[in-house]
Structure formats: structure tokens, C-alpha cells
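Worksheet: the structure to be examined is printed underneath.
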Amino acid sequence: MTAAPHLETLLWRVGLKHVAGVDEVGMGPLAGPVIAAAVVMPPGSYVDGVADSKVLTAAARERLAEEIHRRALTVGIGVVEPEEIDRLNIYQAGLCALRRAVEALAVVPEFVLVDGREIPGLAMPQSAYPKGDSFVCSIAAASIVAKVHRDGLMRDLDRLYPGYGFARHMGYSTRAHFAAIREYGPSPIHRRSFAPVRAAVRGVTDTQLPLAPVTGLD
DNA sequence: CATGTTCTCGGTATGCATTA
DNA sequence: TAATGCATACCGAGAACATG
């Protein structure tokens, strides 16, 4: 990765001292929270090896997350719980998590670099970059911190709600996960607004899923 | 044999163009 | 005008295969 002219370098060069990179994880799974992280690095500081969390192995992510935490000026975490996801919808929940991560920072950043789309209602200027986690260092760092944080949380939730395999699939849709939902029903951390979870509640198999979204169940 | 890479699969929301 | 299709955006696991 590492884009040639670092965006952060340009911002630091014009005198900004607190530039935050923000990214969220956990949009896709059927269970568990959406987690966002915001990272503010000291001007001029880059962590070697930081890249899009998706292209890193779990071991590399753990190591890098530790180093990012050690070297960052401040790190903020934003959490949106499953019941909020059901209430807001997953798209708004992602934005909400991003906003909370920025608000959780120990300093108010002068500029925010965000993955994907802009965060409505943010107090400071921002730029959004689709696929930003693969070429903006601060966003990549945030993606690593968020991913490691969520994986740890899902392992904890696996102990709280054993049998679903959360520690393995992190709440994502796998055959084993579908089978567990059908067998045990949804747990308190399942997103009941998501189609496969609704289907399990209604007692139908995933081959009988309705073609159109079912409404009026919340 | 352990690790890394690629491909296919799974989830939902938005916005715009097209169609009935 | 309202409904629909499609490309865009985001998230990731798991299997198969390649490599050292």
C-alpha cells in the first residue's frame, strides 16, 4: 500500500497537528456490534507495515494494533450495539459508530480522514475516501484497531453465548452460523432486522427466504 | 506442514437511471 | 409518478490452491 504522497503529510505541512483517520468494521455480520476506530498520530509519524486490515493476517493485525496504540496521540472507539442497528438500519449505524469514535478521541481533531463516505453533522472539516483503508495511512491504522477490537469483543461474546461459533466467524454468515441460528434461535446479539435472522425467527429455512424484505416485524 | 493469496460466497443502504 | 434495477458504497469468512 503506502500511497506516494501521504495525505497526512500534506495536512501536517500546512500546520495541522491533530489529523484523525477513521474506519468502521462489522457492517456485514448477522450478529454483534458495529465498531469504529479513530486514530490521531503525531505529525510525521507512520507505523511501518500498516495496511488495510483485510490484507493482513490476524497475527500482523494484533502486533500493529499494539504499536498503533503505543504511538498514537489518541485513539477513540465507537460502538453501536445490535439493537441500535435494528433501530437505525445498518448504514446509519455505521455512520453513528464513526461519529462516536471521533467524539471519543482525547483531543478534538482539526481534520478527519474517513473511509467511504462523509460523516453527517461532524463539527470539523473532513474528507471521505472510498477504499481509503487501502491508501490512507491513518484510515488503515483505524481499520486495524477497529478490527482487532471487534474480534476481541466477539471472542468475549462467544463465551457469553456459546454454541454459535462467534469466536470463529465473528458473527458473519457461514453455514455453521446459519445452522446454529436455526437450532438455537437468535441470541440477544443477533441483528433481528437482517433477513437470515428474521427467517430463523419465523422458522423458515434460508431456501424459503422471501424475495422481498419483510417489513413490520419491529 | 504452515503460511499466504485468490476467489466465491454471505450481509445491507444509497442514489440515480430506467421502466411501467 | 412510483416502482424497479443496477452500480456504488461498506463489512468479512471460508475453501481451494500456491508457495516456501
Side-chain angles (χ1 to χ4, degrees), chain A residues 1 21-37 49 51-64 78-101 113-120 126-136 139-140 142-155 157-158 164-182 186-187 189-201 205-207 209-215 217-218:
Chain A
M1 55 122 250
V22 199
D23 190 20
E24 94 279 65
V25 299
M27 301 283 281
L30 309 177
V34 174
I35 302 288
D52 173 5
S53 70
K54 285 189 278 293
V55 307
L56 296 170
T57 63
R61 282 197 302 263
E62 300 275 349
R63 184 183 61 76
L64 287 165
V79 180
V80 175
E81 301 291 350
E83 57 266 29
E84 290 183 280
I85 297 170
D86 291 338
R87 190 149 36 81
L88 296 173
N89 84 39
I90 184 61
Y91 185 83
Q92 295 299 329
L95 293 173
C96 184
L98 291 167
R99 195 180 306 113
R100 285 177 185 175
L113 302 169
V114 57
D115 185 59
R117 67 275 199 219
E118 291 199 356
I119 310 168
Q126 61 177 311
S127 286
Y129 301 93
K131 302 186 197 303
D133 54 357
S134 61
F135 65 92
V136 182
I139 296 177
S143 79
I144 292 168
V145 170
K147 171 68 175 159
V148 168
H149 187 89
R150 186 174 188 279
D151 284 357
L153 221 53
M154 290 310 290
R155 280 191 283 269
L157 289 167
D158 180 62
Y164 292 98
F166 292 144
R168 182 173 297 107
H169 52 58
M170 305 303 168
Y172 281 84
S173 51
T174 67
R175 285 188 176 284
H177 191 185
F178 281 130
I181 295 174
R182 278 198 295 274
S187 76
I189 64 161
H190 276 97
R191 304 173 180 177
R192 288 163 185 266
S193 58
F194 280 26
V197 180
R198 278 204 312 263
V201 173
T205 70
D206 49 18
T207 59
L209 275 177
L211 296 175
V214 178
T215 56
L217 290 183
D218 354 15

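Protein chains get the first letters and strands the later ones, always in sequence-line order, with residue 1 at the start of each.
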Q) Taking side chain as C-beta onward, heavy atoms only, is V80(A) less than 4.5 Å from I85(A)? A) yes

Checking R191(A), R100(A), R192(A) against E84(A) for salt bridge (charged side-chain N to carboxylate O under 4.0 Å, His left out), the one that qualifies is R100(A)

L88(A) and C96(A), any side-chain heavy atoms less than 4.5 Å apart: yes

task: Using only heavy-atom distances, determine whether the side chains of S143(A) and D133(A) contain a donor-acceptor pair under 3.5 Å.
output: no

In whole angstroms, the gap separating C1' of dG11(B) from CZ of R191(A) amounts to 9 Å

Contacts of T57(A) and Q92(A) projected onto DNA chain B by closest heavy atom; the upstream (5') one is T57(A)

Atom CG of L95(A) and atom C1' of dT12(B) are separated, to the nearest Å, by 13 Å

Worksheet item: Would you say I139(A) and V114(A) make side-chain contact, with heavy atoms under 4.5 Å?
Response: no

Determine whether the aromatic ring centres of residues F166(A) and H190(A) are separated by less than 6.0 angstrom.
yes

Flag side-chain contact, heavy atom, 4.5 Å: L30(A) against F178(A): yes

>> Keeping R61(A) on the side-chain end and V148(A) on the backbone end, is there a donor-acceptor pair under 3.5 Å?
In response: no

Double-helix bend of the helix from dC1(B)-dG20(C) to dA20(B)-dT1(C), axes at both ends from 5 pairs, round to 10°, gives 30°

Restricting to nitrogen or oxygen on both sides, can you table the protein-nucleotides 17-20 of chain C pairs closer than 3.5 Å?
none

B/S/- along nucleotides 8-15 of chain C (protein heavy atoms under 4.0 Å) is -SBBSSS-

Margin query: Main chain of A97(A), side chain of E24(A): is a donor-acceptor contact present, judged purely on distance under 3.5 Å?
Written below: no

NZ or CZ of R117(A) within 45° of Y129(A) ring axis and under 6.0 Å
no

Atom CG of L56(A) and atom P of dG4(B) are separated, to the nearest Å, by 10 Å

